[in-house]
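See below for the structure under consideration.
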Amino acid sequence: MAEARYDPTRIEPKWQAVWAKERTWEVRNEDVEPDRKSYVLEMLPYPSGEPHIGHLKVYSVGDANAHFLRRRGRQVLHPMGYDAFGLPAENHAIRTGVHPRESTDSSIAAFQRQMRSWGISIDWTREFGTHEPRYYRWTQWIFLELYERGLAYRKEAAVKWCPNDQTVLANEQVIDGHCERCGHGVEVRQLEQWFFRITDYADRLLDDLDAIAWPEHVKTMQRNWIGRSEGAEVTFSCGSLGVDYPVFTTRPDTLFGATFFVIAPEHPDVMRLAAGTGQEDEVLSYVNHALTESAEERGSAEAPKTGVFLGRTVTNPVNGEEIPMYVADYVLMEYGTGAIMAVPGHDARDFAFAEAHDLPIRRVVSSPQGEELPYPGDGPLVGSHPDFDGLHNREALDRIVEWLDREGRGHATVSYRLRDWLLSRQRYWGCPIPVVHCERCGVVPVPRAELPVELPDVSDYAPRGRSPLAAAEDWVNTTCPECAGPARRETDTMDTFVDSSWYFLRYCDAQNDEAAWDPAVLDRWMNVDQYIGGVEHAILHLMYARFFCKALADSGLQGAEEPFAALFTQGMVLGPDSQKMSKSRGNVVSPAPYVERFGADTARTYICFMGPPDQDAAWSDESVEGVHRFLARLHRLALDVAELSDDAAPAAPEGADLALLRKAHWAIEKVTQDLDGRFAFNTAIAAIMELVNDSYRLREDAGPGARRFAAATAASLVFPFAPHLGSEAYERLTGARVWEEPWPEADPALLEADSYELVCQVNGKVRDRVQVPSDAPREELEELARAAPRIAALLAGASVRKAIVVPGRLVNFVV
RNA sequence: GCGGCGGUGGCGAAACCGGUAAACGCGACGGCCUCAAAAGCCGUUGUCCGCAAGGGCUUGCGGGUUCGAGUCCCGCCCGCCGCACCA
C-alpha cells in the first residue's frame, strides 16, 4: 500500500486555485442555449457573524446538484449574494455604535472566505449585497413600478407594532402574538403605512401552486396562509340606526339558525350603535379592555367568550327576525367584514357565547348520526323555511344564496385570510422608500433618473417611534420633483423581504448598470430550475417572491410567472444532543474547525451522508471521522492503482475483473438515479463506499485495467460531494480533469448478471436460496426451486396448492 | 381543534412498483500487522432457544386485504412542524 497520507490541506487549496484562475464556474449570458440551461440557486445567506453549519448544508446540497447537472451537459448558473439589510446588524449598531455597513461587510468577508474554502462552484462575477446602492437602486425602481400600478399604496391601518424593536411588523412576522425577531409581545397601533397589494394576487398565488414542483407540505402551508374560503356576503339591517351591516359566512345554509349578531371591538360603529341605548358605559369599558389586551391574551380559541349587549337589534334578511347585537372580542376586525351572524347550533364559538350569555340555540341542520349541538357537519335542513326544509344543506346553501341575490340581500363571495403586505419599517438599516412628501403635491415618487435614493449616514441608530433617518435633516429636506417647492423625504425603509423578493432576477444580469435587467437575458435564465433552502421560508419569502414575479410579469418587465420551478427544503443540522443548536444549550457546531481539521470534502460529504438531506439530522463527530476514513481510503486506492500498468478495462472481462466492473457499473447506475432529481445523496454516497470496498476486496484478484476503471469511476462519482479529492484522484488515474468529463454512463451489458439468487419460500417464509440463470423461464424456476434441498424436504409429504413464481425474485409454494 | 410529516437494530439509516427487513456508516467485539501504540488491513455484530445443524420472533399498538405487508386499508397511541376564535 502506498504511504502518502490523505492531506486535504494540500489538495484543496490546489484545486481551488485552478478553478479561480481558470474561472471554471463562470457562465456567459451570450453563450446560454435555452434548452441546455439550468439555474441552480440556494437561498442567499443573511450575513451575520460567521457562516454556521446550516449554511454548509445548503451550499453542499446545492453544489452537488450543480456539479451533477454540469457534467450531464447543462449550462449551470450558480450565483451567490448576501441579504445584507436587516435588524440584527442594526441592533448591533445600537449597542456598539459600529455602523451596520461595517459589521455587515466584515461578515460578508467571512462568508466569502469560508465559502471559497469549501470549494463551492459559484460564478463569483455575479455577486452582490442587497445593501449596495448598485443593487437597491433597482429595488427602489421596482417599488416605483409597483407604486405606479397601484400595487404599492399608503393607508392608515391597525398594524402590529413591536414596542421593543419600535417598528411595525408584517402579519407574517408575528408569531403567537410575539415579534418574530425579538420575541416581545406585539401591540396594535393605528398608523399610516406602506402596503403591497398582494391580496390582488391571492387566487393566482393559490392556483399556480399546482404547476410547480414543490414539497407538498410547503404548498399546503401556502394554501393555508392564503386561506381562501367560499361563502356569501349577507346584509343584516339595523332599522333603529338605519345602517346595513354585511357579514361574511361560509354557511349561508344556516341563516335560519342565526339567533344573534356580533361585531368586533375595533369596529368603527361600536360606540355609535351603543349611543342612547343605556349600554354606552358597559360597551365603552369592554371595548377599552379588549383593545389593550395583547394578541396572545385575546388569541386563544379556548378563551372564555366574553362580550357585551349593544342595546340594539338587526333584522335577519331571510326571516325578518329581530336578533340582538353584541360586541365581542372573538370577532376579528381584520377578517371578513368585522361582523358576523352567530349560529350557535352549528358553530362551536357561537355556541360557547350563547351558553355564556343565555341566548337561544336553534337546530337548522339535522345530524344523520344524531350528534348533539353544536353540529358543524352536513345533513338535511330542518326548522328553516318550507322551501328549504328537507333539502341537503349543501344544496340548500346554493338555493339560499340564489334567493338572497334575487332579493338584493346578499351574494356569493370569497374571503381570504391573506392580508396586504405591510412593507414600511421605522428603522435605519434598510432600503429607503423612494418618495417625497410635498405639502402641495402630496406623495411624489422620486424620478427614476435620481435613483438610488442613498441611505445617509447617521450617528444614532436607535428608533424612537420614528425612523432614525428622520434625524438626518439635510437628507430629509429636499425639493418636490413636481413643483420644486419644499418637500420631505420618506424616512421609513423597506422590509428586507422586499430585497430578497427579486435578487434571483438580478443574478441573471448582475453587472447591468443601465437597467435592473435586460429582459432578453432574463428570458434565457429564468425561472430558477432548482431552488434550495430551509422550510422556515415556506410562507414569507417564497410567497413574496412569487407575488413579485407575477406583478412584474403583468407589467411586461419579465416573463416568469413563477420564480422557482422546483424547490428542495433541506432539514436542519441538530446538535450532537439531537437538539436544535443554540448558544444557550452550548451545542453549536461550527463548520470552520471541521473544515480545517478534516478538509471541506469530508465536511461536505458527511453532511450529505448523515441522512436524507430533507430531514433533520444530529451532528456526530464519530461519523465525520468515518466519512473522512472513506475519503482517505479512496485516496489511497487511487495512489495504488495509479502505479499499476496503464491497461484499459478488459473488453471481455471474467472472474474478479467481471465482478469489479459490474460493481462499478452498478454504482454508476445507482448514483445517477439517486442524484437525478431525488436528492438521495446519502444512498448515493453509500453506493460509492460499496464500490471502494469491493475495489479493496478484489485487489489481489482483479487486473490493472478493471481496477483502474473501478477507482476512476469512484473518483468521478464522488466529485459532486468531494470535488477536490474527486479531481485529485481522477487526475492521478486518468490524467484528465474530472469536471471536464461527461457524467459516466452505465453499460447495460454489465448491469445484468447471467445468474441471480432465487428466493425459495414455503407459505411466504424464506426456506432456501438457489443460484439460477437470469434467462430461466417460469417453469424452470419452479422446478429449480422444488429441487432446492430444504424445499424438497419440506414439500415431501405436503401437497402444493399453488406456486407463485416471480422471475428475478422468488418462488413461493403454498401448501 | 385543523393541516402536514414521521415512529425500522445500541445509534444515523436502507428497502424507489406489495416480493430475501436491516444496504452503507457509526459504535462494540475478535484477528492480522507492530517491540509497542497509532494508522491500516481482514472478520463478527437485530433478537431469543441451541454445542451445532437448525428453528422461533422482529419495522409504535390492534385489526383487515393478500400466496406474500415496513410498504395498501380501518381504528388507536406517541413525537415533530405549521396554522389556530378566519365566521
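Per the geometry, CG belonging to A:L634 stands 15 Å off P belonging to B:rG40, to the nearest Å. Counting to the nearest Å, the P atom of B:rC81 and the CD atom of A:E536 are 13 Å from each other. Atom NE2 in A:H217 sits roughly 17 Å away from atom C1' in B:rC2 (whole-Å rounding). Rounded to whole Å, the distance from CG on A:L418 to C1' on B:rC83 is 14 Å. Nucleotide B:rC83 holds its P atom 16 Å from the CD atom of A:E334, rounded to whole Å. One can place NE2 of A:H267 at 14 Å from C1' of B:rA87, the figure rounded to the nearest angstrom. We find that CG of A:L631 is positioned 13 Å from P of B:rG40, with the value rounded to whole Å.
Rounded to whole Å, the C1' atom of B:rC32 lies 14 Å from the corresponding atom of B:rA39.
Residue contacts for A:S415: at a heavy-atom cut-off of 4.0 Å it reaches no nucleic acid atom on any strand shown. A:S620 comes within 4.0 angstrom of no nucleic acid atom, judged by non-hydrogen atoms across all strands. Among the protein residues, A:R767 comes within range of the sugar-phosphate backbone only, with heavy atoms under 4.0 Å from sugar or phosphate atoms but none that close to a base.
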At under 4.0 Å between heavy atoms, which parts of nucleotides 47-53 of chain B does protein reach? Answer with one letter per nucleotide, 5' to 3': B base, S sugar-phosphate only, - none. -------
I need a per-nucleotide contact map over nucleotides 11-25 of chain B, read 5' to 3'. Cutoff is protein heavy atoms under 4.0 Å; write B for the base, S for backbone only, - otherwise. -BSSSB--BB--BBS
Using residues 761-771 of chain A as the side-chain source, report each donor-acceptor pair under 3.5 Å to any protein atom, sequence neighbours left out, with the distance given to one decimal.
{"residue": "A:N763", "atom": "OD1", "partner": "A:V815", "partner atom": "N", "Å": "3.0"}
{"residue": "A:D768", "atom": "OD2", "partner": "A:R790", "partner atom": "N", "Å": "3.1"}
{"residue": "A:Q771", "atom": "NE2", "partner": "A:S755", "partner atom": "OG", "Å": "3.1"}

What donor-acceptor contacts under 3.5 angstrom involve side-chain atoms of residues 684-692 of chain A, with partners at least two apart or in another chain?
{"residue": "A:E690", "atom": "OE1", "partner": "A:K663", "partner atom": "NZ", "Å": "2.8"}

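Among residues two or more places apart in sequence or in another chain, the salt bridge (charged side-chain N to carboxylate O under 4.0 Å, His left out) test is passed with A:K219 by none. The salt bridge (charged side-chain N to carboxylate O under 4.0 Å, His left out) check on A:R223 picks up A:D210, A:E216, with sequence neighbours excluded. Take A:D269 and apply the salt bridge (charged side-chain N to carboxylate O under 4.0 Å, His left out) test, not counting sequence neighbours, and it matches A:R272. Under the rule for a salt bridge (charged side-chain N to carboxylate O under 4.0 Å, His left out), A:D701 has no partner lying at least two apart in sequence or in another chain. Checked against ring pair (Phe, Tyr, Trp, His ring centres under 6.0 Å), A:H267 has the following partners two or more places apart in sequence or in another chain: A:Y245. Judged as a ring pair (Phe, Tyr, Trp, His ring centres under 6.0 Å), and not counting sequence neighbours, A:H346 has no contacts.
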Intra- and inter-strand pairing of RNA chain B, written as dot-bracket with Watson-Crick and G-U pairs under 3.5 Å and | for the latter, reads (((((((..(((......[....)))((((((.......))))))((((....))))..(((((..]....))))))))))))....
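For the pair A:R417 and A:Y335, the cation does not sit on the ring face, since its NZ or CZ is not both under 6.0 Å from the ring centre and inside 45° of the axis.
At a cut-off of 3.5 Å, with distance as the only test, no side-chain donor of A:S620 or A:Y606 sits close to an acceptor on the other residue. A donor-acceptor contact under 3.5 angstrom links the side chains of A:D420 and A:T199, judged on distance only.
When each of A:E216 and A:T337 is assigned the nucleotide of RNA chain B bearing its nearest heavy atom, the one mapping closer to the 5' terminus is A:E216.
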Using nucleotides 69-73 of chain B, report all nitrogen or oxygen pairs with the protein that are shorter than 3.5 Å.
none

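A salt bridge does not link A:D601 with A:R604: every distance from a Lys NZ or Arg NE/NH1/NH2 to an Asp or Glu carboxylate oxygen is 4.0 Å or more. Salt bridge A:R786/A:E782: present, at least one basic N to carboxylate O contact under 4.0 Å. Note on A:D253 versus A:R394: no salt bridge recorded, every NZ/NE/NH1/NH2 to OD/OE distance being 4.0 Å or above.
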